[in-house]
Amino acid sequence: MSSDFTFKRRGLDRRAASPLPSSFSPAGIRTSRSNDGRLSQEPNVETDALDWGGDVLERRVAYDNFTTIDWIHDFAKERSRLRKLKHHKGSKRKWLQLSNATQAWIIVFGVGLAAGLIAALINISSEWLSDIREGYCTTGFYLNKKFCCWEIDESIPCEYWNAWGMVMSPKSEAGRFWISYTIYLVTGIGFAATSGVLVKAYAPYAIWDGLAEIKTILGGFIIKGFLGVWTLVIKSLGLILAVASGLSLGKEGPLVHITCCCGNVFLRLFPKYSHNEAKKREILSAAAAGGISVAFGAPIGGVLFSLEEVSYYFSDSTMWRSFFCAMVASVVLQLINPFRTGKLVMFQASYTRDWHGFEMIFFIFLGILGGLLGALIIRLNLRITRIRNITFIRHYPITEVVIVAAITALISYLNIFMRVDSTELISNLFRECEGNDYYTLCHHDSYASNVGLLIVAAILKIILTVLTFGIRLPAGIFMPSMVVGACFGRALGILVEAWQRYNPDFWLFASCPPDGSCITPGTYALVGATAALGGVTRMTVSLVVIMFELTGALTYVLPIMIAVMLSKWVGDAFGKGGIYDGVIKLQGYPFLDNKETYSYDFIGSQVMTRIDDLVVIPANSTTLDSLDEIIQYTDYKGFPVVNSLRDMMLIGFISRSELRFAIEQAKRTDGISGSSPCYFGTALPILEATAYVDLRPWMDMTPITASYKLSMEVVMELFRKMGVRYLLFAQNGKLHGLLTKKDILRHLAVVHRIQRMDGENKNVLLSTRGHEFDH
């Protein structure tokens, strides 16, 4: 290897690069023939200005997998495209401008339409498969239990629905139990195993709910295949089977991933978005809103969810497109009406009774409990996932799925509140008792047994959710979290109702009417479910709006708001960030949270990768072979270009992708060999010299630079607000170091560990972390 380069690996992204596409012209390499007949490479003087101006924006190669996009470049590329539209005249210009303005609306309309159709298909299919585990309908095998017994009161046995145990063993009660138990167990394992096999064989990215990855992608990271067609198809099919298997998971989070896949597929039809990663993320933000819209029947909540929870940049135009996408998705789902109730989701509820002031005590308790439960679920789940990723378990994903499904089925069948589908359970826990006696839930003489079953169901749900969220299946955590909170909330509501019923003269219940019901246990389930979900995800505004759109109970907005804020405060006391932030950190994704504050006194020189640890390229003294060696023996994502190794005057920066592509194109050019010189600067040889390669068009000649004395607080704002991929530290034009997003994340991990230490050790470490840069 050339002795001009020093390779010290520290502080840069070392992931291996993926192969580049071959659909780019070898611009930047000029060929001419000298007087003696030899080929030489020279800059095209007539097009130099164009090369280093607008057209160079079009010459960038595609981003490698697991790299960060260049927001500044992509925004500049979009401005350049818009300027070209203005060069046209007359009707052509008007037509192009109209086409440009309507493309985004066409895409989000298509995404909303697809989201509504897919959500309806998943709802209908998963509900039918879930019911078929317990029996079948004699009037039509394709009908689930609800439609089979549509006009029959729930308290009356339905003669049209045949349980498997009754069909196979009509006379023996014990036989009916064991036959039903066995079929419930076998079908649950079969559905889960089939889903796991589909995911493993065809779409490895279809696991979990994908929200952590979507947050990272919207933050500017590239994960190829995560939003592809196969992921869309397999996640939809796998989600149906996973939900029907009875595992402690939900379909709400995965629906966001599915709609984002739809968005990614639709935007491929329009080069404006398919060739610009920054613009692509505007469509994906709108698609995320559509996913929540069909998951909860909450279009406004979906827009707020996209803004609050997953989107990194959210402009006014993105907000309007998100609203339109969520609206279209909700309208389509409403027209299909999969539950035949005229409602968008199965567990919509409405309340006719107002709450009383004394109940705020119990709502506050539920908020605190939701924060504690959320922190517990996050901590246990991340610990189990970490164990799963570093032990032999990771080599047997299907076996793990089968074991978890078997445990879930064995436990769930014995508790009626765990045996049924989660949406059906929540739907009945949210309801008022009038006209609803779901499994004797409103019987006054069975308070104790119902409370016991609900508490046991909640505890077991916590254990099963912790085990399930992380296995190789499509799985969301929204619904399990709500089930846990709803069970605890309904149990508390039953106890409060019993207390008031048997002690009506107690001073706490002075505001209750002398006759009639005073307490609505369903509202406690609603507040408990909201608090638990808030504790797990740390959502606030969007969660309140989602729950309001679910119930339409405006009078209960205040208790829900208080419960959400308390659950967030209590949860944050045990660790900042929700479950998705924890997954991002656990998986090592380069996501820089724009909501996190930086309150340390470090400067850039204490965090950057210093010049001695960088691989730099001199502008005018390299050959094609030496550059090829850099690509082969290093896996850095980019290289600073300096005037010479003696003065280290910064010339520019070239990414690994552009350098590798330019080398490949140069090798295919006649007259170019491995010893041919390569130039990044202006000191080009005379035309009669040996053939050479001009790499200036592939280089970023105006990289973002800053003083090495700049505070890290300002540096982090540059990365967050401007979306830079890297920051070069220079003083008077001389290169001193480089900083990437991963350097910042490693720095934050260190200072957070230091922050958790005791006072004396913390002061010692802080005083020795990164001495002041010696210039």
Side-chain angles (χ1 to χ4, degrees), residues 209 211 247-250 252-253 309 347 360-385 408 411-412 415 417-418 422 425-426 429-430 451-470 475-496 521-540 542-544 546-547 550 559-583:
D209 56 10
L211 285 180
L247 287 167
S248 184
L249 51 83
E252 286 70 26
E309 190 64 21
F347 49 88
M360 189 59 71
I361 300 173
F362 305 108
F363 295 149
I364 290 174
F365 172 77
L366 287 174
I368 296 173
L369 180 63
L372 294 174
L373 292 174
L376 177 65
I377 291 173
I378 292 172
R379 184 161 298 184
L380 291 178
N381 179 257
L382 294 180
R383 183 167 298 179
I384 290 175
T385 303
T408 302
I411 293 175
S412 299
N415 188 319
F417 296 124
M418 298 180 64
S422 295
L425 175 62
I426 290 184
L429 292 180
F430 280 6
V451 169
L453 286 173
L454 286 170
I455 292 176
V456 170
I459 294 173
L460 292 176
K461 272 289 183 181
I462 292 174
I463 298 172
L464 294 176
T465 300
V466 167
L467 291 174
T468 305
F469 188 72
I477 202 169
F478 282 11
M479 189 58 62
S481 303
M482 293 178 66
V483 168
V484 171
C487 287
F488 275 121
R490 185 77 186 211
L492 178 62
I494 292 174
L495 291 175
V496 175
T523 60
Y524 289 74
L526 171 64
V527 174
T530 307
L533 182 56
V536 171
T537 62
R538 308 295 160 82
M539 295 160 55
T540 53
S542 58
L543 179 56
V544 172
I546 288 171
M547 300 310 293
L550 274 178
I560 289 174
M561 291 175 63
I562 292 175
V564 166
M565 288 309 305
L566 285 173
S567 67
K568 177 174 173 56
W569 288 336
V570 172
D572 285 345
F574 293 91
K576 297 286 185 180
I579 183 70
Y580 302 116
D581 300 291
V583 172

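Values reported hereafter were calculated over all heavy atoms of this structure, with side chains retained and with hydrogens, waters and symmetry mates removed.
One distance of note links CD1 of Ile477 with CD1 of Ile378; it measures 7.5 Å at 0.5 Å rounding. Rounding to the nearest 0.5 Å gives a distance of 9.5 Å between CG of Leu373 and CD1 of Ile459. Taking CZ of Arg490 as the start and OG1 of Thr523 as the end, the distance is 9.0 Å to the nearest 0.5 Å. The structure places OG1 of Thr530 at 4.5 Å from CD1 of Ile560, a figure rounded to the nearest 0.5 Å. Interatomic distance, Asn381 CG to Ile462 CD1, rounded to the nearest 0.5 Å: 12.5 Å. Met539 contributes atom CE, which lies 6.0 Å from atom CD of Glu309 (distance to the nearest 0.5 angstrom).
Shown here are the side chain to side chain contact (heavy atoms under 4.5 Å, CB included) partners of Ala486, two or more places apart in sequence or in another chain: Leu429, Phe430, Ala525, Ala529. Qualifying side chain to side chain contact (heavy atoms under 4.5 Å, CB included) partners for Ala457, counting only residues two or more places apart in sequence or in other chains: Asn415, Phe417, Met418, Cys487. Contacts of Thr465 classified as side chain to side chain donor-acceptor pair (under 3.5 Å), with partners at least two apart in sequence or in another chain: Ser248. Remark: Tyr580 pairs with no residue by the ring pair (Phe, Tyr, Trp, His ring centres under 6.0 Å) rule, at least two apart or across chains. For Thr540, the side chain to side chain donor-acceptor pair (under 3.5 Å) partners at least two apart in sequence or on another chain are Glu308. Applying the side chain to side chain contact (heavy atoms under 4.5 Å, CB included) rule to Leu380 yields the partners Leu376, Val466; only residues at least two apart in sequence or on another chain are considered.
For residues 360-385, the set of pairs meeting the ring-ring contact (aromatic ring centres under 6.0 Å, His included) definition, not counting sequence neighbours, comprises Phe363-Tyr524.
Using a 4.5 Å heavy-atom threshold, the side chains of Leu211 and Thr537 count as separate. By the 4.5 Å heavy-atom criterion applied to side chains, Phe478 and Ile546 are not counted as neighbours. You'll find the side chain of Ile377 stays beyond 4.5 Å of the side chain of Ile579, heavy atoms only. Looking only at side-chain heavy atoms (C-beta outward), Val536 and Phe469 stay at 4.5 Å or farther from each other. Using a 4.5 Å cut-off on side-chain heavy atoms (C-beta onward), Leu454 and Ile494 make contact.
Across all their heavy atoms, Ser422 and Lys461 have their closest contact at OG-NZ, 3.8 Å. Contact record, Gly485 with Ala532: CA-CB, 3.6 Å, taken as the closest heavy-atom pair. For the pair Ile455 and Ala491, the tightest heavy-atom approach, listed with the atom from each and the gap, is CG1-CB, 4.1 Å.
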Just list the side-chain donor-acceptor pairs under 3.5 Å for residues 563-577, sequence neighbours left out, or say none.
residue : atom : partner : partner atom : Å
Ser567  : OG   : Ala563  : O            : 3.3
Ser567  : OG   : Val564  : O            : 2.8
Lys568  : NZ   : Asp572  : OD2          : 3.1
Asp572  : OD1  : Arg538  : NH1          : 2.9

